[in-house]
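Single-structure report; data block below.
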Amino acid sequence: MPAEVLITKPASFSFGHTIRSHGWYDLAPFELDEEQGRLIYVFGGQNGYGPATAELSEDEKSIRIQIHSPDFDVKEIASSVRHILRLDDDFEAFYLKTKASGSLSWVSQRNAGRLLRSPTVFEDAVKTLCTTNCSWSLTKKMVSNLVEKLGERAADGRRAFPTPVAMAAVDEKFYRDEIRAGYRSPYFVELAQAVVGGELDPEQWLTSGLSTPELKKEIKKVKGFGDYAAENLLKLLGRYDGLALDSWLRSRFYEQHNKSRVCPDKKIERHYRSYAEWKGLAIWCDMTEKWFDEKP
DNA sequence: GCGTCCAGGTCTACC
DNA sequence: GGTAGACCTGGACGC
């Protein structure tokens, strides 16, 4: 029998909207069980414990965590679940703006807006790099390869996301040949080695006192992070000032708000200007509303 | 099955 | 600061 932990749900929280908020649920070691409405994740080993697979689901008042492992750090896993589901983030100011907007009033009605994230900023950074300049199928392949070839195995045979140490231990050739990361390969080596060597601490970005533009500059110092990747990572850190425009978001905007005609990014920026520091989340909710009609 | 073309975001060199 | 070309992969397409 798996061990079970319950976490009380915040008042304005939607489990379904959070786990399907963006593509992360589709990237290993996340797995979405659509039929049962469960999110599965393999938490990395910590504090002397090995990796542990956990299934997250919900009932009326709680989030249920079922842990399939002979030994695990229950506090660490519960704390990571709070982090990945953003249970402690405050969206009241965003909901006030969306309520006033009319077109985005559904966001507060459905308690949407929480973007699923990984337990560590390092994992989110690596996955963001895997989304740059390629199709979603290639992103999935690169992330699966990383987990399969470098991740530590949990008791049930699934694997956790690789640690910075594991990623720093292999060379550029490995990333090219085994991960199929192509020209991104040296970026992974550089990122992992900088974290292991202590020159870079991505986890510190969560609590950084820097302004968002300053933090974006810091993130862009990491090879492979341009405007899109930096702004995407900032969203996962909880800073929504940037739109993180990629080709998909642009084409959805043209279709929805510009009669399918291409327009400059500045026009997109103007469209969401009233959301101020929330505009990155506003565009994401605006462009993905239909996802939740398709996936009730 | 093979070859060609294209999309995708960032980097570097150059203006 | 802006721009062009290179980077690399997988998918689509034509043969």
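Source: prediction; values computed, not measured. Numbers restart at 1 for each chain; the letters A, B, ... are given by sequence-line order, proteins then strands.
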Please check this pair: side chain of [X] against backbone of [Y], looking for a donor-acceptor N/O pair closer than 3.5 Å.
X	Y	value
A/Arg184	A/Thr132	yes
A/Arg158	A/Arg153	no
A/Lys216	A/Ser211	no

*What does A/Ser135 touch in the nucleic acid at a heavy-atom separation under 4.0 angstrom: a base, only the sugar-phosphate, or nothing?*
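Nothing: the residue A/Ser135, judged by heavy atoms under 4.0 Å, touches no strand.
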
Going 5' to 3' along DNA chain B, between which two nucleotides do contacts with chain A fall, using a heavy-atom cut-off of 4.0 Å?
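Boundary nucleotides touching chain A, in 5' to 3' order, are B/dG8 to B/dT12.
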
Working to the nearest 0.5 angstrom, can you tell me the gap between [X] [atom1] and [Y] [atom2]?
X	Y	atom1	atom2	value
A/Arg239	A/Leu206	CZ	CG	9.5 Å
A/Lys220	A/Lys217	NZ	NZ	10.0 Å
A/Leu243	A/Asp227	CG	CG	11.0 Å
A/Lys75	A/Asp73	NZ	CG	8.5 Å

Check: Is the closest basic N to carboxylate O distance between A/Lys221 and A/Glu218 below 4.0 Å?
Finding: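 Yes.
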
Helix axis bend for the helix from B/dG1-C/dC15 to B/dC15-C/dG1 - C1'-based end axes, five pairs, 10° rounding
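Between the first-five-pair axis and the last-five-pair axis there is 30°.
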
Quick one: do the A/Ser185 and A/Arg176 side chains pair a donor with an acceptor below 3.5 Å?
->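 The answer is no; no qualifying pair exists.
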
(Q) With no hydrogens and no angle check, just 3.5 Å: does a side-chain donor-acceptor pair link A/Tyr275 and A/Thr98? (A)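 Side-chain D/A pair, A/Tyr275 to A/Thr98: absent.
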
Distance under 4.0 Å to a non-hydrogen atom of chain A counts as contact; along DNA chain C, which nucleotides mark the start and end?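 First and last nucleotides in contact are C/dC7 to C/dG11.
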
Practice problem: Look at the rings of A/Tyr187 and A/Tyr183 and say which category their plane angle falls in: under 30° parallel, 30 to 60° tilted, over 60° perpendicular. | Solution: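 Rings of A/Tyr187 and A/Tyr183: perpendicular, as their planes differ by over 60°.
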
Practice item. Taking all heavy atoms of A/Ser208 and all of A/Leu215, pick out the closest pair and write down the distance. Key: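 Smallest heavy-atom distance, with atoms named: OG-CD1, 4.1 Å.
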
* Asked: Considering only heavy atoms, which members of residues 168-195 of chain A lie under 4.0 Å from some atom of DNA chain C?
  ->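 Residues of residues 168-195 of chain A that come under 4.0 Å of DNA chain C are, in numerical order, A/Arg176, A/Arg180, A/Gly182, A/Tyr183.
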
Exercise. Could you list by number each residue of residues 226-236 of chain A showing a heavy-atom separation from DNA chain C of less than 4.0 Å, or answer none if no residue does?
Key: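 Within residues 226-236 of chain A, no residue comes under 4.0 Å of DNA chain C.
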
Under the rule for side-chain contact (heavy atoms from CB on, under 4.5 Å), what residues qualify as partners of A/Arg64, not counting sequence neighbours?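 Expected list: A/Glu4, A/Leu6, A/Ser57, A/Asp59, A/Gln66.
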
